[in-house]
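The block underneath contains the structure these notes are about, expressed in structure tokens.
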Amino acid sequence: MPGMYRVIQWATGGVGKAAIQGVLRHPELELVGCWVHSDDKNGRDVGELIGEGPIGVCATTDVDALLALDADCVMYSPLLPDEQVVARILRSGKNVVTPVGWVYPDPQSPGVRVIEEACQAGAVTLHGSGIHPGGITERFPLMVSSLSSAITHVRAEEFSDIRTYNAPLVVREVMGFGLTPEQAMSGPIAALLEAGFKASVRMVADELGFRSDPKIRSTQEVAVAVHGTDELVVPMAAGTVAARRFRWQAIVDDVPVVTAAVNWLMCEVDLDPPWTLGEQGERFEVEITGDPDVSLTFKGLQPETVAEGLERNPGVVATANHCISAIPYVCQAAPGIKTYLDLPLIAGRAAPDLAR
């Protein structure tokens with residue numbers, strides 16, 4: 001692949017910080033700008049923001065200044081996407097890679113048409129990535145499915161301990177932990193998750209050729225803490241939510257054929273009902289039911305200890321890395337919204353001290 005690609009990082013939360021580290025280590029990428037939301041980060045060296053030495057690139061809240069930069073790609077990772085901002089970035093002639101949407105967008109959606117038009121106007125590409133939704137829910141199931149025939153069901157499922165997620169505001173107000181079941185079930189997380197996971201399920205169902213119902217079946221459940229505690233990432237009273245389960249399924253003749261699922265537990269908390277992560281602990285699973293059945297278990301994408309997770313969560317880092325690894329391929333792609341199905345095999349890169 002030719003030359004160096006100049007990258008702007010958009011937001012410096014957990015994924016954003018890991019993305020910056022990934023760019024700095026990637027032999028074909030150069031960080032040239034960084035957008036931040038808060039005034040206290042404005043003007044600070046990006047290296048300082050990620051806990052490393054100065055790198056000579058300062059963060060800014062000035063969107064116009066960033067869009068005026070000579071850059072090839074924006075890694076767009078705010079907590080919530082803003083379609084108008086993404087369209088502006090694309091129209092400025094910058095490719096976009098993002099973990100917050102557009103994994104397998106419906107081309108008939110008015111919002112998607114706006115983004116596609118922005119891609120064409122800027123002669124650039126947008127690619128939605130990540131791990132779950134992302135690689136775990138689409139790329140790996142589709143890759144592994146080629147080993148089987150007469151497939152009847154595909155499952156991609158996460159089992160995670162939320163004690164390691166060091167973002168108290170998100171854990172409580174967005175994910176719903178520590179709230180009443182009624183508050184949690186009516187909170188924002190189901191809608192935030194379903195946009196990505198429904199797209200993942202549709203991608204797999206479409207690519208494998210299932211005649212599935214256009215409507216994706218969605219379910220959610222909660223378990224509550226038997227006893228109260230103030231010793232976790234958020235305080236939880238007895239009877240408040242301490243575990244959540246979500247399912248999204250493509251259906252044929254009222255039978256699930258593709259399932260994406262999330263299991264989030266505050267482990268070491270007595271739950272009602274008494275859910276657990278199971279004997280294998282934290283993991284991601286991919287399972288193909290067919291001839292033959294094939295299954296994969298991914299370990300290492302969750303931290304080994306709570307303390308490690310509070311410091312740096314491997315799943316967050318992997319999400320960023322999957323996006324960063326895609327940048328050279330996205331920059332070489334034809335204009336438009338491109339999914340995994342449209343891009344070649346995406347690979348990481350050797351460590352700098354081992355690279356040729």
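As a basis for the values below, the full set of heavy atoms in this structure was taken, side chains included, without hydrogen atoms, waters or symmetry mates.
In this structure, Tyr76 has its ring center no closer than 6.0 Å to that of Trp35. Checked against the 6.0 Å centroid criterion, the rings of His322 and Tyr340 qualify as a close aromatic pair. Here Phe298 and Phe140 bring their ring centres to under 6.0 angstrom of each other.
The pair Arg163-Asp161 meets the salt-bridge criterion, since a charged nitrogen lies less than 4.0 angstrom from a carboxylate oxygen. A salt bridge links Arg247 to Glu157: one of the charged nitrogens lies within less than 4.0 Å of a carboxylate oxygen.
Of the possible polar contacts, one joining the Glu116 side chain to the Ile337 backbone as a donor-acceptor pair under 3.5 Å is found. Without hydrogens or angle criteria, Arg244 side chain to Phe177 main chain gives no donor-acceptor distance under 3.5 Å. At distances below 3.5 Å, not a single donor-acceptor pair connects side-chain atoms of Asp272 with backbone N or O atoms of Val226. Counting only distance, with no hydrogens or angles, the side chain of Asn42 and the backbone of Thr61 share a donor-acceptor pair below 3.5 Å. Using a distance-only test at 3.5 Å, with no hydrogens or angles considered, no donor-acceptor pair links the side chain of His132 to the main chain of Thr319. Within the 3.5 Å criterion, the main-chain N or O of Met236 finds no donor-acceptor partner in the side chain of Thr240. When atom types are taken as modelled, the side chain of Lys94 and the backbone of Leu69 share a donor-acceptor pair closer than 3.5 angstrom. A distance-only check finds a donor-acceptor pair linking the side chain of Lys299 to the backbone of Gln280 [under 3.5 Å]. Remark: the backbone N or O of Glu158 is paired with a side-chain donor or acceptor of Asn263 at under 3.5 angstrom. For the pair Gln120 (side chain) and Gly122 (backbone), a donor-acceptor distance under 3.5 Å is absent.
Under the rule for a salt bridge (Lys or Arg N to Asp or Glu O under 4.0 Å), the partners of Glu30 that lie at least two apart in sequence or sit in another chain are Arg6.
A donor-acceptor contact closer than 3.5 angstrom links the side chains of Ser77 and Gln9. In this structure, a donor-acceptor pair under 3.5 Å is present between the side chains of Gln21 and Glu52. Side-chain contact annotation: Tyr5 with Asn95, donor-acceptor N/O pair under 3.5 Å absent.
Contacts classified as salt bridge (charged side-chain N to carboxylate O under 4.0 Å, His left out) and involving residues 249-258 (residues at least two apart or in different chains) are given here: Arg211-Asp253, Arg217-Asp254.
Other residues, nucleotides and ligands place no more than 12 heavy atoms under 6.0 Å from the OH atom of Tyr165.
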